[in-house]
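Written out below as structure tokens is the structure these notes cover.
In what follows, chains carry the letters A, B, and so on, assigned in the order in which the sequence lines appear, proteins first and then strands, with residues in each chain numbered from 1. Values in this document were obtained by computation on a predicted structure and should not be read as measured data.
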Protein chains: 2
Amino acid sequence: MGRRSDHTRPELREMIVSEGHRQISEVGFARFSAREVAKRIGYTIGTLYNVFGSYDQLLLAINGRTLDLWLANLERHLEGVEQGRLEAAIRAYFEFAIAHRHAWTALYDFRLSEGEEMPEVQRAKVEAITGVIIREITDELPAERSADAPELARSLLATVHGHCFFALNGTFALLGETDPVARALDRVEDALAAYR
Amino acid sequence: MGRRSDHTRPELREMIVSEGHRQISEVGFARFSAREVAKRIGYTIGTLYNVFGSYDQLLLAINGRTLDLWLANLERHLEGVEQGRLEAAIRAYFEFAIAHRHAWTALYDFRLSEGEEMPEVQRAKVEAITGVIIREITDELPAERSADAPELARSLLATVHGHCFFALNGTFALLGETDPVARALDRVEDALAAYR
DNA sequence: GCCTTAAATTGAACAACGATCAATATTTTA
DNA sequence: TAAAATATTGATCGTTGTTCAATTTAAGGC
């Protein structure tokens with residue numbers, strides 16, 4: 001085999017995704033370059049295409065890494081928390097997005113070419129994050145409304161996403177809003193109150 | 001002057017923005033090409049740069065056009081409506097985003113280069129749309145809570161944005177949500193209920 | 001050790017992009 | 001009509017994603 005060192009294929013994949021994630025975290029989606037990633041790990045552009053097949057697959061893998069980190073961060077922030085778990089989850093949501101703003105934004109900047117659809121692995125990661133929120137919402141709801149938890153969780157995820165997005169892209173600053181997290185928490189509280 | 005026909009400068013600007021908006025509406029932000037816009041109106045790339053100075057300024061102008069159309073659409077949908085004006089506004093929000101999905105998405109796909117900030121004209125357009133919502137929220141609130149309208153309006157805009165964004169990018173479909181508009185209306189109603 | 005085979009890696013080549021700007025063409029003004 | 005002002009061009013540059021024949025390297029058998 002023509003390996004230049006002792007990386008097996010999965011290890012090379014890991015190197016690329018790792019460096020790719022570092023790159024997109026630093027320069028953002030718009031300035032991301034597959035060539036630059038290759039150069040930084042001592043390979044050339046051809047090797048990246050041999051491993052991933054296309055730019056889209058590479059970006060899916062990098063976004064997958066971001067989702068992994070996001071879920072891990074969420075679970076870490078909930079570990080051992082007894083009271084106010086939902087609030088902790090929402091604060092963790094913002095904290096992660098701000099700390100990894102470029103990588104987080106890339107999750108939404110990147111869209112697959114028309115016709116292609118998101119691979120199952122990726123779907124599972126989004127559902128895993130959603131699952132955490134569904135679980136926390138279920139705990140906040142009266143037992144007889146448990147069946148409503150998934151729908152409410154999806155909607156509150158969208159609510160928090162909107163606030164987080166406006167916080168990061170400057171819309172809130174433009175409109176004079178100075179505490180996006182507090183506003184998101186307000187809206188979540190309003191929704192829960194309506195269900196009680 | 002070297003004009004090839006009878007366009008004055010403002011008219012050429014108008015031609016470019018008009019064709020640019022058409023292009024971005026058709027192919028989306030990722031596939032948008034300034035060269036292609038120039039070709040379609042019978043000019044070359046150089047002329048576009050003489051008129052707009054940079055790619056960023058061109059895209060700002062195109063997004064400005066989208067904001068203009070958005071505000072006009074919003075006002076049209078509220079014209080003569082007596083009851084349920086806020087609901088009408090939210091439905092109009094979704095309707096516009098869906099009808100102009102690529103142009104609407106480009107509003108958020110495009111970000112200025114670091115350092116540059118949004119020109120005043122653009123800020124004013126975002127504030128104009130927000131202003132409509134603030135006005136409608138004010139009408140829904142008890143008179144003694146009027147002062148809270150701007151804050152609540154910003155937050156509900158973020159809420160609706162999040163639902164609309166998830167509807168368009170496929171997140172809601174992935175999670176099994178089939179009626180994003182209804183969910184957004186639910187959340188707005190919850191918030192208003194808390195204020196009453 | 002050597003030779004065959006399989007795998008990995010390269011990098012030149014291509015089309016298209018944003019960006020620049022001296023050269024050219026056109027219109028206006030004197 | 002000549003000179004000045006303006007508008008337009010398109011070649012040129014560096015960079016991008018993408019492809020793929022050629023090359024290099026490692027593995028296995030003898």
Side-chain angles (χ1 to χ4, degrees), chain A residues 1-17 19-21 23-24 26-63 102 106 109-116, chain B residues 1-17 19-21 23-24 26-63 102 106 109-116:
Chain A
M1 292 191 275
R3 289 192 242 110
R4 68 167 45 191
S5 60
D6 59 352
H7 312 299
T8 64
R9 283 265 118 176
E11 285 175 16
L12 178 52
R13 259 190 89 94
E14 165 59 27
M15 275 185 65
I16 297 171
V17 173
E19 180 59 37
H21 188 267
Q23 274 300 301
I24 218 165
E26 282 176 14
V27 304
F29 175 73
R31 299 194 196 286
F32 177 81
S33 154
R35 265 194 169 83
E36 183 64 23
V37 171
K39 194 190 295 180
R40 298 249 183 155
I41 60 173
Y43 282 84
T44 61
I45 181 68
T47 301
L48 259 67
Y49 272 82
N50 289 339
V51 174
F52 284 94
S54 74
Y55 185 80
D56 282 20
Q57 291 301 314
L58 171 57
L59 253 107
L60 273 176
I62 292 172
N63 277 350
H102 281 142
D109 284 335
F110 173 66
R111 274 174 291 276
L112 286 167
S113 311
E114 216 139 358
E116 298 188 64
Chain B
M1 293 192 273
R3 287 192 243 111
R4 68 166 45 191
S5 59
D6 59 352
H7 311 300
T8 62
R9 284 263 119 177
E11 284 175 18
L12 179 51
R13 259 190 89 95
E14 166 58 29
M15 274 185 68
I16 297 171
V17 173
E19 179 58 37
H21 189 266
Q23 274 301 300
I24 219 165
E26 280 177 17
V27 304
F29 175 73
R31 298 195 196 287
F32 176 81
S33 154
R35 266 194 167 83
E36 183 65 22
V37 171
K39 193 190 295 180
R40 298 247 182 156
I41 59 173
Y43 282 84
T44 60
I45 182 66
T47 300
L48 259 68
Y49 273 82
N50 289 338
V51 174
F52 283 95
S54 75
Y55 185 79
D56 282 20
Q57 291 302 312
L58 171 57
L59 254 108
L60 273 176
I62 292 173
N63 278 351
H102 281 142
D109 284 335
F110 172 66
R111 273 174 292 279
L112 286 166
S113 311
E114 215 138 2
E116 298 188 64

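- In this structure, B/Gln57 places its CD atom 13 Å from P of C/dT20, rounding to the nearest Å.
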May I have the step-by-step check of side-chain contact (heavy atoms from CB on, under 4.5 Å) for B/Val17 and B/Phe52, ending in yes or no? CA-CA 10 Å; B/Val17 173; B/Phe52 283 95; 3.6 Å; yes

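- When heavy atoms are screened at a 4.0 angstrom cut-off, B/Phe32 is found touching the sugar-phosphate backbone but no base atom.
- Between the C1' atom of C/dT9 and the NZ atom of A/Lys39 lies a distance of 17 Å, rounded to the nearest Å.
- In this structure, A/Ile41 places its CD1 atom 14 Å from C1' of C/dT10, rounding to the nearest Å.
- Under 4.0 angstrom from either OP1 or OP2 of D/dT8 there lies no side-chain N or O belonging to B/Thr47.
- Atom pair A/Phe52:CZ and D/dT18:P shows a separation of 13 Å (rounding to whole Å applied).
- Counting to the nearest Å, the P atom of C/dC17 and the CG atom of B/Asp56 are 17 Å from each other.
- When all heavy atoms of B/Asp56 and B/Glu116 are compared, the closest pair comes out as OD2-OE2, 3.6 Å.
- Nearest to the side-chain atoms of A/Arg35 among the listed nucleotides C/dT9, D/dT18, D/dT8 stands D/dT18.
- The side chain of B/Thr44 sits closest to D/dT9 out of C/dA12, C/dT9, D/dT9.
- Rounded to whole Å, the distance from CZ on A/Phe110 to P on D/dG17 is 12 Å.
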Show, in sequence, the C-alpha distance, side-chain angles and deciding distance for A/Val37 and A/Phe32, and conclude whether the side-chain contact (heavy atoms from CB on, under 4.5 Å) test is met. CA-CA 9 Å; A/Val37 171; A/Phe32 177 81; 3.6 Å; yes

Take B/Thr47 and B/Leu12 through the test side-chain contact (heavy atoms from CB on, under 4.5 Å) and record every step on the way to the result. CA-CA 10 Å; B/Thr47 300; B/Leu12 179 51; 3.9 Å; yes

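- Toward the 5′ end of DNA chain D lies the nearest nucleotide of B/Ile45, the other residue of the pair B/Ile45 and A/Ala34 mapping further downstream.
- One atom, CG of B/Asn50, and another, P of C/dC21, lie 12 Å apart when rounded to the nearest Å.
- Under 3.5 Å, the side chain of A/Arg31 and the base of D/dT15 form no donor-acceptor pair of N or O atoms.
- The distance between atom CG of A/Leu48 and atom C1' of D/dT19, rounded to the nearest whole Å, is 14 Å.
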Taking it one step at a time, do B/Phe110 and B/Leu60 satisfy side-chain contact (heavy atoms from CB on, under 4.5 Å)? CA-CA 9 Å; B/Phe110 172 66; B/Leu60 273 176; 4.1 Å; yes

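- As judged by a 4.0 angstrom heavy-atom cut-off over every strand, A/Tyr49 is placed among the base-contacting residues.
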